[in-house]
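Order of appearance sets the numbers: ligands from 1, and atoms from 1 within every ligand.
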Amino acid sequence: MTITTTAAAPPTEADLAVPPAPVPFSELLRTRTRSGHGTSSRASFMSDLMRGTCSRDDLVRLLAQYWHVYGALEQAAVIAAAHPVAGAFVTDRLTRLPSLEADLGHLVGPAWRDHLAAVPATVEYVDRLQKAAGSSSPTAFVAHHYTRYLGDLSGGQHIGRALRLRYGLPDEATSFFTFDAIADPTAFKDEYRARLDSLPWGEADQEAVVTEVLHAYDLNARLLAELDAERGLGPSPDPGAAVRPVAVAGAAS
Ligand code: HEM
């Protein structure tokens with residue numbers, strides 16, 4: 001009996017190629033929502049704030065909107081804290097509402113609660129956050145948590161510096177932008193991204209987060225555009241719904 005052996009063909013380059021590692025979710029999220037970040041961060045309000053050409057009233061109007069937004073976000077966080085997956089993102093080290101109240105008190109005085117009129121996009125934002133808090137799926141909560149807090153720990157740090165440098169504001173008026181309980185924002189963001197990467201979520205849940213982050217960026221961009229409309233810049237997105245400008249006691253421009 002003759003035994004014939006066929007020599008195995010040498011492996012091709014394709015056989016040897018290591019399959020590409022899956023893209024970490026944090027990277028996918030950043031890439032897929034980059035355009036939304038661009039629109040929010042390029043708003044005239046933000047450029048003027050960074051350049052030093054906003055008035056103290058403008059800053060108060062921004063912090064007043066954030067007071068509503070963070071009130072709702074941090075209420076949602078209380079509920080999310082008990083969730084087995086979303087709970088991992090919740091930490092007191094991020095809580096911003098007390099600093100917003102302190103900054104408003106410093107900028108406006110004791111009657112700061114009289115200066116909290118919300119623009120229409122803020123009302124919509126709060127409604128969206130309340131819906132996220134009431135949802136049985138935590139994807140929307142994580143999306144909103146990521147959009148605001150990672151933003152605060154990134155661009156927010158530059159904004160805080162600009163407010164202190166260009167407007168001469170003291171730390172007591174800009175505490176919203178300073179995370180006393182987070183000594184190293186970069187390390188914190190790396191840990192946060194690692195947490196995003198270890199979420200036990202498939203494609204559909206990941207897609208839901210991406211969609212909601214884009215929605216959150218849109219709400220932030222509209223909120224800023226509506227504050228611009230109040231300052232007489234650009235067309236009001238919804239002139240019928242514009243709120244009256246709010247006067248600030250002892251405001252300096
Ligand atoms: C003056 C305006 C802004 C500036 C200069 C700015 C700047 C930046 C910078 C430099 C980063 C990258 C940081 C890093 O890789 O660690 C970043 C990230 C981020 N920003 Fe902004 N930003 C601004 C406005 C906003 C706004 C309005 C939002 C939305 C509320 C926002 C949300 C985010 C988020 C979520 C990230 C994290 C992206 C990621 O790494 O996954 N930013 N920003």
Discussion item. Can you tell me which N/O/S atom of H37 has the shortest distance to atom 21 (Fe) of ligand 1?
Written reply: NE2
Discussion item. Closer than 4.0 Å to some heavy atom of K189 - which atoms of ligand 1 meet that?
Written reply: 13 (C), 14 (C), 16 (O)
Worksheet entry | Residue-ligand contact N220/ligand 1, heavy atom below 4.0 Å | yes
Worksheet item: Which residue owns the protein heavy atom closest to atom 10 (C) of ligand 1, what's the atom, and how far is it?
Response: H158 NE2, 4.2 Å
Worksheet, complete the sentence: Candidates Y146, Y192, Y217; heavy atom nearest atom 39 (C) of ligand 1 found on Y146
Worksheet entry | N220 side chain to S40 side chain, donor-acceptor N/O pair below 3.5 angstrom | no
Discussion item. List ligand 1 atoms under 4.0 Å from R148, heavy atoms only on the residue side.
Written reply: 30 (C)
Item to complete: Could you pull out, from G155, A162, A216, the option with a heavy atom nearest to atom 8 (C) of ligand 1?
Response: G155
Item to complete: Assess R148 against Y66: is NZ or CZ under 6.0 Å from the centre of the six-membered ring, and within 45 degrees of the ring's axis?
Response: yes
Practice prompt. Measure the distances from the heavy atoms of R193 to every atom of ligand 1 and state whether one is below 4.0 angstrom.
Written response: yes
Worksheet item: CZ of F188 to CD1 of I182: how many Å apart, nearest 0.5 Å?
Response: 4.0 Å
Item to complete: For residues H145 and Y192, establish whether the separation of their ring centroids is below 6.0 Å.
Response: yes
Worksheet item: In terms of atom number and element, which parts of ligand 1 are under 4.0 angstrom from non-hydrogen atoms of R30?
Response: 15 (O), 39 (C), 40 (O), 41 (O)
Discussion item. As a check for students: among S47, S154, S41, identify the option with a heavy atom nearest to atom 23 (C) of ligand 1.
Written reply: S41
Practice prompt. Taking the side chain as every heavy atom from C-beta outward, state whether W112 and L107 have any atom pair closer than 4.5 Å.
Written response: no
Fill in: Heavy atom of the protein closest to atom 27 (C) of ligand 1 (residue, atom name, distance)
S40 CB, 3.6 Å
Worksheet, complete the sentence: In this structure, OG1 of T147 is separated from CG of L29 (nearest 0.5 Å) by 7.5 Å
Item to complete: In plain terms, say whether E27 and R193 are close enough for a salt bridge, that is, a side-chain N and a carboxylate O under 4.0 Å apart.
Response: no
Worksheet item: Which of the listed options, G151, A43, G156, holds the heavy atom that is closest to atom 33 (C) of ligand 1?
Response: G151
Worksheet item: Do S137 and S135 have side-chain N/O donor and acceptor atoms under 3.5 Å apart?
Response: no
